[in-house]
Amino acid sequence: MKFKKPRGTQDLLGKYMEKWRSVEEHVTRILQRYGYREIRTPIFEMSGLFVRTVGESSDIVTKEMYTFNDKKGRKLTLRPENTAPVMRAYLENGLQRQGGISRFYYMGPMFRYDRPQAGRYRQFHQIGAEAIGLSNPAIDAEIINLSLDIYKEFGFSSLQVNLNSVGCMKCRGEFMILLGEKLTEYKSELCDDCLQRAEINPFRVFDCKTCINVKKKLPIITDYLCGECSEHFEKLCAILGGMNVNYLLDPLLVRGLDYYTKTAYEIIHPELGAQNALCGGGRYDGLAGELGGASIPAVGFSAGMERLMQILPDELEEKEVGRPDLYFIVFDDECSIQAMILADKLRSADFEVYVDLSMRNIKKQLKSASVREYDYVVFIGQKEIEDKEVTLKNLKSGNQATVSFEKLVSYFSEKGVTGIE
RNA sequence: GUGGACGUAGUUCAGUUGGUAGAGCCCUGGAUUGUGGAUCCAGCUGUCGCGGGUUCAAUUCCCGUCGUCCACCCCA
């Protein structure tokens, strides 16, 4: 083969694709249940949208964006995240004029040029939700609860939630100055990476795993929140407590995107290896303003689809079985024509019908039907054509029956999902 | 971007102390001519990731490159 898929991308097919679809359906139901509605924004946007909002100094912007020029020289970027695009769409479509609060969800591919690793891809998929237009911490709690519900749906009831408040532009700005001063003070004790971080984004020093001793001596954001921010944070904690949501306060939690204000949180799965964040989110009250709109409060989260898939068993338990599915076995061209006519009628009645056109011997066809786990096999041979009836076989029980061509559809409708026993 | 392990049939892997390769599964056909996941028999498939070097000879050694996985980093 001459071509391979680009590094860090995946082909989704077979059982994995089935599972993927099923997960998407489950998750969609939960999001809808909370009153969130789907939004689809373009896969690429003007580069400035991300540079401006995610942050010029952020890793995403400095080294991870897939940016290109189109034929008119416009600078475009494959979306590395979807919060900024959703906010852009919100403002561009004038939704703030509708007043109240807008709740969106999305699912789709994101692109980040990063070294592939377990649970990390260059094209990866996020499920996310954004609640725009409300500053009340109750909506922060709703977002956190909603994201947790996604995992609960699949049986994960006690995942670790790390919570923090990173303050607003005002109090974080003041804190940053203080932090910067402290970092200069401890300069000699910092690792090379942190010396850089101290210059570019002092907040990131908290992420360092080697400078543990210095971190202990550094001031903590939550001690320096302004009145509004600390009140917001306390209320949020109280609401979460009241809702029986378990969380861990992590004053060192910092998100990698610059637009976050106040609430920041993430959901961790301890057994996932280095890439253990299932979901991350928070409040981004400054984002709309950054895009040139009015100041609009908002919260959201995004969850990694691949990581959710990773923690789920290969076989998701099947929900209620719908109509039985059928596998047609035919022996020659005349039979196959008749089979396709009947298959069409069944499909119109919403049955899944597979017509085996291989003309292989009956054993092979039957085996194939078994492997594919069809409920029924329908034989059409010369005998059936002459009598204008099919031989029907239940693959689970092995029992057979004869049903005339005209009555095939109604046969199943009348017998319900079980058919012959 | 840094470090480590690995890269052989569709797939999982074995192998050659350097002489161009093999096993299970899968697939195809058959074992009384129209009835299945078992058994048995037969068969198919590979530029041994790609490029270069050393050598009479490389899939086996060396270098580079691409890719996969793991960690750093970052994050979903």
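Throughout, a chain's letter reflects where its sequence line sits, starting with A, and its residues are numbered from 1.
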Between [N] and [M], how many Å separate the two [atom1] atoms, rounded to a whole number?
N	M	atom1	answer
B:U8	B:G15	P	13 Å
B:C25	B:G67	P	35 Å
B:U17	B:G22	P	15 Å
B:U2	B:G10	C1'	36 Å
B:A38	B:G52	P	46 Å
B:C66	B:G49	C1'	8 Å
B:C13	B:A71	C1'	26 Å
B:U39	B:C50	P	36 Å

Mind calculating the distance between [atom1] ([X]) and [atom2] ([N]) to the nearest angstrom?
X	N	atom1	atom2	result
A:Asp356	B:U28	CG	P	10 Å
A:Gln275	B:C72	CD	C1'	10 Å
A:Asn162	B:A76	CG	C1'	15 Å
A:Lys5	B:G67	NZ	P	11 Å
A:Lys63	B:G1	NZ	P	11 Å
A:Glu306	B:C74	CD	C1'	16 Å
A:Tyr259	B:C75	OH	C1'	12 Å
A:Gln365	B:C27	CD	C1'	16 Å

Between A:Val355 and A:Ala339 the two heavy atoms that sit nearest each other are CG1-CB, 4.2 Å
Less than 3.5 Å between a donor and an acceptor, one on the side chain of [X] and one on the base of [N], is that the case here?
X	N	answer
A:Gln117	B:C73	yes
A:Arg360	B:U28	no
A:Arg120	B:C73	yes

Should we say atom [atom1] of [X] is surrounded by more than 12 heavy atoms from elsewhere, each under 6.0 Å from it?
X	atom1	result
A:Lys407	NZ	no
A:Lys15	NZ	no
A:Arg347	CZ	yes

Could you go step by step and tell me if A:Gln382 and A:Phe331 meet the side chain to side chain contact (heavy atoms under 4.5 Å, CB included) rule? CA-CA 8 Å; A:Gln382 281 310 317; A:Phe331 305 98; over 6 Å; no
Name the pairing partner of [N], where a pair is Watson-Crick or G-U wobble with both distances under 3.5 Å, or state none.
N	result
B:U68	B:A5
B:U59	none
B:U11	B:G24
B:U35	none
B:C73	none

Given that A:Cys279 and A:Gly8 both sit by RNA chain B, which one's nearest nucleotide is further toward the 5' end?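 The 5'-side residue here is A:Gly8.
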Assert: residue with more 5' nearest nucleotide on RNA chain B, out of A:Gly273 and A:Arg307, is A:Gly273
Check your understanding: So what does A:Gly281 touch, heavy atoms closer than 4.0 Å: a base, only the sugar-phosphate, or nothing?
Key -> nothing
Under 4.0 Å, heavy atoms only, any strand: does A:Gly119 hit a base, just the sugar-phosphate, or nothing?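 Base, at least one base atom sits under 4.0 Å.
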Flag side-chain contact, heavy atom, 4.5 Å: [X] against [Y]:
X	Y	answer
A:Lys345	A:Leu408	no
A:Phe379	A:Lys393	yes
A:Arg112	A:Gln123	no
A:Leu163	A:Cys237	yes

### Query
Taking the side chain of A:Lys4 as its heavy atoms from C-beta onward, which of B:G3, B:C74, B:G49 lies nearest to it?
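Selected nucleotide (nearest to the side chain): B:G49.
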- Query: Considering only B:C69, B:C75, B:G1, which nucleotide approaches the side chain of A:Ala118 most closely?
  - Reply: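 Closest of the options to the side chain of A:Ala118: B:C69.
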Q: Compute the ring centroids of A:Tyr105 and A:Tyr36, then answer whether they are less than 6.0 Å apart.
A: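 No, too far apart.
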A correct 5'-to-3' footprint of nucleotides 30-38 of chain B, with B, S and - meaning base, sugar-phosphate only and no protein heavy atom under 4.0 Å, is S---BBBB-
Practice item. Would you please confirm or rule out a distance under 4.0 Å between OP1 or OP2 of B:U68 and any side-chain N or O of A:Arg7? Key: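 Yes, within the criterion.
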